[in-house]
Amino acid sequence: MKVAKLAVLLLAMTLMVVSPVLAKETIKIGAILAVTGPAAFLGAPEEKTLVMMVDDINKKGGIKGHALELIVKDSGASPEKALSFAKQLIEEDKVLAIIGPSTSGETMKIKGVAEEGKTILLSCAAAEVIVNPVAKYVFKTPQKDSYAVIKIFEEMKKMGISKIGVLSSNTGFGKAGKEQIEKLAPEHGITILVNEVYDKAASDLTAEVTKLKAANVQALINWSIEPAQSIVIKNARQIGFNGQIFQSHGFGNIKYVEAALPAAEGVIFPAGRLLVADTLPNSNPQKAVLEKYKKEYEQKNRGEEVSTFGGHAYDALLILTKAIEKAGSTDKEAVRNAIENLKGVVGTAGIFNFSPQDHNGLDINSFEMLTVKNGKFAVLPEPKAKKK
Amino acid sequence: MAILAVRDLNKRFGGLQAVKDVSFTVTAGSIKALIGPNGAGKTTLFNLISGVLSPDSGDIFFGDMQIEGMKPFQIAEKGMSRTFQHIRLFPNMTAIENIMIGRHTHSRAGFIAGMFSLPWTWKEESRIRSRSREILDFLGISGLADSESTSLAYGQQRIVELGRALACEPKLLLLDEPAAGLNIKETAEMANLITKVKNLGITVLIVEHDMSLVMNISDEVIVLSYGQKIADDVPLAIQKNTEVIRVYLGEEEC
Amino acid sequence: MLRIKNLDAGYGKLKVLRRISMHVSAGEIVTIIGANGAGKTTLLGAISGLLRNRTGEILFEKKVIQHLSPEKIVFMGCSLVPEGRQVFSTMSVKENLLLGAYVQHRRDRRHDAHQDLDRMYSLFPRLREREQQLAGTLSGGEQQMLAIARALMAKPKLIMMDEPSMGLAPLIVRDIFAIIRKLREEGNTVLLVEQNAKVALGIADRGYVIETGRIILQGQADDLLSNRDVQRAYLGRDLDAEVKLS
Amino acid sequence: MARNRHLQAFLLIAAVAAVQLATMISDTQHYLTQLTMSGYYSLVIIGLCLLIGYAGQISLGHAGFFAIGGYTSAFLTTYDLTPVSDKAFIAFLSRTGMLVSTADLYGGQVLHLHPWAACLIAILLAIIVAYAIGGPVLKLKGHYLAMATLGFGTIVYKVVLGTEQFGAADGISEVPEFALLPGIAVSGKLSMRIMNYYIAWGLVILGVVLLSNLVHSRVGRALRSIHGAEDAANAMGVNTGRYKLNMFVISAVFAAIGGVFLTHYNGGIGPSEASIMKSVRYVAIVAIGGMANLWGALVMGFVLNFLSLRGYFGSYDDAVFGAILIIIMLFTPEGLLRRDLFSDIRSLFGSGKDLEEKV
Amino acid sequence: MNIELFFQYLVAGVTYGTIYAIVAIGFNIIYNTTGIINFAQGEFVMLGGMTAVTLHAFLPLPIAILSAVMITMVIGALIEITFIRWLISPSVLRMIIITIGISILVREIALHIWGAGVKALPYFSGTAVSAISIGDVHISPQVLWVIGVSAVMVICLNLFFTYTLPGRQMRACSANRDAARLCGINAKNMVTLSFVLSAGIGALAGCVVSPITYVQYDGGTALAIKGFTVAILGGLGNSMAAVAAGLLLGILESFSIWVMPTAYKDVISISILLLILFVRPSGLFGSKEAAQLKEF
């Protein structure tokens, strides 16, 4: 026993001397995530992903010999805490970049701090206002809501749907989606007959879907990231709503599908390709990255299913490492410039092509229309296209 | 001249008629006692007069003001103050602070003045304090000024409560069993104090069980039984009233 | 049967009873008289265990009980009829009585309370009439009877009553005291607290006079009745005044 | 008595200055950020302390007043009036100097109400709401009072969360700085950090002095009497209903001021500020500080908020406050820092003290 | 509004209402024996659901539910014994704060055990989409389960309180604690029993509703507020009135969606709570006279 310990100690010491990783200064990366609190379903997988990746990178010798040091702060989805943490990370820890926050509200509060502190902010929140208009140091990795909405509207057009009902939850996510739907619907010839916001903790939405059914809508779009999205489809089917149900990219969590089976069957929603990694053709450029992340995450977290939210953190750190490599330095300015000029980074959400005008870097093709088939996610086949 | 006049007062709690058609007057400058067996409605009557309860029907005149239905603090502002059967001193306050509360109606510093500690409030505070000291002196307990009220002996607490009521400079003082729990010696002291209060020109209405106290100091006695007034007379007459003896003194029983 | 030595008791910081010593022998009616606030109720509270803040020694049938909870003391055979009746007003008369028999049920699981019920109904015929009525709807006197009956359902060796005459009409008071006397004839031991000193001393064997938490006088009931101080303070007779009168 | 109070206030001023100097010397000025934020939260707490400890009224909805302050101010200072600037009323406001134009993050101009006007409106609104809600609520006691205030807090929370004009779940961002006087502004900018630290703690000192004056005045005595024996206080001529209501309003104003200033300092506000957990946290801090101990509440308000904002409790932030509440209420219901603390410690070594509490 | 729609709202309302009523009954049981409002009542519902889901991984559904209810009852007992039992006449304020603290603590512990995700038991019969259709009105069989189980629960509770000795003893303690002790009843055990009982019915409710509403670590608080609203609406301490009040509030909420944005649904119910508190604190069905004797 003692000998073994001694051996490990010696090994460690040799490593310390030999390894160039620790010889160079470490790169500090901050993360402000809603690990607990009302947005824990975002923050928790994000945190796990980052911890996993940083371990991995450090084991492999870091980025160009620099080890990474990850400082995670749990904001509990409170903007005031996020703000306090952002200031701490920038001033005290002097981090190179901040990954997060998980929610749009928090991101909007610390945007100014990142700008003033000239620190890169890689938000994992969806709202479009984060990067539109562009702020110099602020980037985000999730796909734009507007693309998700356009994807859905295009699908509706194919299916001949024009009268819809919209439900959304009273969270930042739901609100952003609702705004985009309202904005984009006229352009796509879609009429919104019912538009309801429900409480994120709602436990029964029969009354809401009944209202939809009464309005005779052809389809329902639900925009939320809470368990309520399973409740919506269950209640809708229970009361005999027969129209098509669309969900947002927030539906990308197999737990929600399981919770709503068999009502979830046939639900259509836009999402990144992470959820259907195994069914993608080998030619798909994202396939390798997706499968690797999925495998590692699920191994590391005792079979916990990977979700797209963790993927946003994955992309954030991936972009950061690529930029550091490209910049060849750990200077904030250099790295920021590098991000702005990154092209063709294959992430979980899609292929990122940044530019000074686009701090999201994803195009509409980052979304794939998925559906639920036999209790699993599958790429939506395009029957109508075939008919042509 | 009547300082207090009660006319046809009624109060009902659920099925119990606690006070029924009670009328009486209290002459200014006198001591009037209210007696009756437990549950006869004495405390209810007291609570009606002091505004804790409002009557179902009937009038209460204090001086020339009609006061039934008024809140206790309004009645206190008009110049009536009271003590309680179960001592209700303010805990976590010293004896003198308790008495200073009694000066409340005679001072006026409000929230704004208090927060900004305006100079005139200092003067007011010192006036309140010196007046309270005078009251302690008057009651002969100036030595207890800075003792925590709840740490005082029972009898002393009764006196502080009396002092608190006196600090209001009432025209009418209501005393609810001031001798309850006091021994014979303390009861005698209390009787002295009450007489002293009367000599200041303050009218006293007193509820009491201790007959020696009642009969010795009061000018008039009202007897209540089952919420109704059964006698209202001078003490000597009361002691001879057969009805009173029957219901109250229990002479006929056993 | 009951022996108290140097009992001190009170609420919080306030000490109400000081160095009380007294005893009750089997088969006696003992009364405790005193003015309002003298500590009579506190004393019964301390004996029955409702009042926890007590020091000194309380022996019931030679067993120390001052550290026991009220339920244990009741179980030993010492029941209290509390001041102000305190029946379970939201329950029927019968349920009230059956709850009183709970102690017997605990002594013997197979105990059948119905015999006791009948006994109570014969003692208090009014209660039989009102068997299914909610106790809260009874008149004051009936409630007092129910409270006494409920305590008796436990077959206590010592029954303590706190002001059973309080707030009751003279006629009812007479009934209640008749029952107390009857209980004694049946061999019960009674500790009676009363403000109505005259009535209490009238039926008691012995008495204690309590003033500001201390026992100031004790003796045979008749002696106390004729004691001048007692008469002056508790019987409502101002002798001086009487002398003056005559 | 009064001299004692002046000494305490002086010590507080000295401590505030000493902390700033210490951070300067040790080059840890970054602490000032969280110190400033906890200062504003302390304002809520000292107000609530007076309400709970002196007037004896619990409020589980004080985050609601904080949010009313913060949101009103944030809304009024971010609502762009440019499109309606030709309307007569707006033009009138503009002429009277009630409007200012600020550059936003992207170089655009936003015409909005002056922060001073917004601040006054926010406080006024808090007063109105406090009077409206306090009137009926304070007639309740015990559980009913707790639930009613909790209900009020929940309503505010749900309203800010459900109303688009308040940014729903995102809250309001890009709130401009609050120029108190030329050259003095409440702002989160790094360059103004020291100034803001002094603004925040200056307000706290002012608040503490005002409240401690109040405690030692005729009103404070009356409040304590209400807490001790409400019926007796009423019988002594204390208008207990009005005193409770006024105290409620004052504590609401303190909360609202904290909300206004913190919102300008943070440059935004989110619905989490209105959440029930926040209200519970304020009560927890008052309980720890000692219900009727202004200075204890102040110290605890500062320490716990500081630690929480620094992230020392990590993922256990809420759990820590829950645990604190239970432990304090189980073992020292009078609070941790109370007046007779020392005598209690002494008696602890003497005879075992009965835990009995007078109701 | 057509008649189908009306009934659909009605069914939705009855479903909410039943859940609220059960939580309210849990409040009432503890309130009656102790005079405490247990702010952690909603947490029992959450614990019951969570435990059942965990156990269902390796136990058949009925046994999982039964064990979950048992386990929650034990937790209820432990909470009472650890935090409440040894306090001597604590003030109301103190009890409010302690039970709020317990609520937060239980929630946080649940978060660290079960995570933030949602969980649910499978539907007891049928699937998520199966519905019993009467004309155009569709009712999930689980709704019938909820209503049925609640009804059975209310009836059982009534029988328990009327005909069993422990039930009578608990009523005695609620009517007059000191008098109950003088009848030899161990009041402290009755308080523990009341916690066990209300934990049990809370847990059972959590199991039955979980297929419809899911359980999540922080689901208890919202339920607790609704449950309290219902308890007040009905008159604190009155369990039968709580059922009526629960249905009333549920239906009111359900129909409110017809005219108001759903985001304000809670605002409506809490406004009702405040209104009731201000105007008639004895509740809609409580007697005003009995309420006068209570402390508000």
Side-chain angles (χ1 to χ4, degrees), chain B residues 46-47 50-52 71-84 86-94 96-118 121-122 124-125 127-129 148-150 161 164-165 167-170 174 176, chain D residues 1-2 5-6 9 47 50 53-56 206-251 253-254 291-293 334 338-340 343 357-359:
Chain B
F46 241 52
N47 285 339
S50 61
V52 176
K71 293 271 182 320
F73 72 88
Q74 291 168 320
I75 294 173
E77 282 166 3
K78 306 258 180 299
M80 186 194 299
S81 71
R82 67 171 292 181
T83 65
F84 293 83
H86 304 286
I87 297 176
R88 303 287 284 150
L89 285 179
F90 306 119
N92 301 321
M93 286 168 91
T94 60
I96 192 159
E97 280 176 314
N98 264 278
I99 290 175
M100 285 163 82
I101 289 286
R103 296 299 298 161
H104 190 86
T105 52
H106 295 272
S107 46
R108 60 187 185 94
F111 276 81
I112 303 296
M115 283 211 275
F116 292 95
S117 197
L118 302 178
T121 64
W122 309 346
E124 184 179 272
E125 275 296 288
R127 269 204 309 277
I128 294 175
R129 191 169 284 275
E148 191 87 354
S149 64
T150 42
E161 216 190 24
R164 188 178 67 185
C168 291
E169 290 177 16
L174 307 183
D176 196 354
Chain D
M1 207 71 152
R5 266 186 285 144
H6 295 155
L50 240 68
Y54 289 87
L206 181 67
V208 167
V209 168
L210 290 182
L211 291 184
S212 122
N213 280 342
L214 187 65
V215 165
H216 293 94
S217 74
R218 166 176 177 268
V219 172
R221 193 165 53 234
L223 286 173
R224 275 188 292 156
S225 78
I226 294 174
H227 194 16
E230 190 171 334
D231 49 350
N234 206 341
M236 289 304 118
V238 179
N239 186 344
T240 50
R242 208 187 69 204
Y243 271 76
K244 287 195 284 188
L245 184 57
N246 283 349
M247 196 56 244
F248 188 70
V249 172
I250 286 179
S251 74
V253 167
F254 269 72
M291 297 280 191
N293 182 348
E334 303 283 306
R338 69 214 133 107
R339 271 180 249 150
D340 51 351
S343 69
E357 183 192 310
K358 269 209 212 155
V359 186

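Quick note on labels: first sequence line is chain A, next is B, and so on, each numbered from 1. Just so you know, these numbers come straight off a predicted model, no measurement behind them.
To the nearest 0.5 Å, atoms CD (B/E77) and CG (D/N239) are separated by 7.0 Å. Distance check: D/S225 OG to B/E97 CD gives 10.5 Å after rounding to the nearest 0.5 Å. The distance from atom NE2 of B/H106 to atom CZ of D/R218, rounded to the nearest 0.5 Å, is 10.5 Å.
In this structure, no portion of B/T121 lies under 4.5 Å from any heavy atom of chain D. Looking at B/S50, neither its backbone nor its side chain comes within 4.5 Å of chain D, counting heavy atoms on both sides.
The shortest distance between side-chain heavy atoms of D/D231 and B/F84 falls below 4.5 Å. Two residues are said to be in side-chain contact when any heavy atoms from C-beta on lie closer than 4.5 Å; B/E125 and D/R221 meet this criterion.
Of the listed residues B/R108, B/Q74, B/K78, the one with more heavy-atom pairs under 4.5 angstrom with chain D than any other is B/R108. Between chain D and the options B/R164, B/M80, B/E124, the largest number of non-hydrogen pairs under 4.5 Å is found for B/R164. Ranked by heavy-atom pairs under 4.5 Å with chain B, the list D/A233, D/G220, D/G241 is led by D/A233.
When every heavy atom of B/M115 is checked against every heavy atom of D/L211, the shortest pair comes out as SD-CD2, 4.4 Å.
With respect to D/E230 and B/R88, no salt bridge is recorded, no charged nitrogen being found less than 4.0 Å from a carboxylate O.
When each of B/T105, B/I99, B/I101, B/N98 is paired with D/M236, the side chain to side chain contact (heavy atoms under 4.5 Å, CB included) condition holds for B/I101 and for no other.
D/N234 places a side-chain N or O within 3.5 Å of a backbone atom of B/F73 that can act as its donor or acceptor partner.
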List the steps, then state whether side chain to side chain contact (heavy atoms under 4.5 Å, CB included) holds for B/F111 with D/L214. CA-CA 7 Å; B/F111 276 81; D/L214 187 65; 4.0 Å; yes
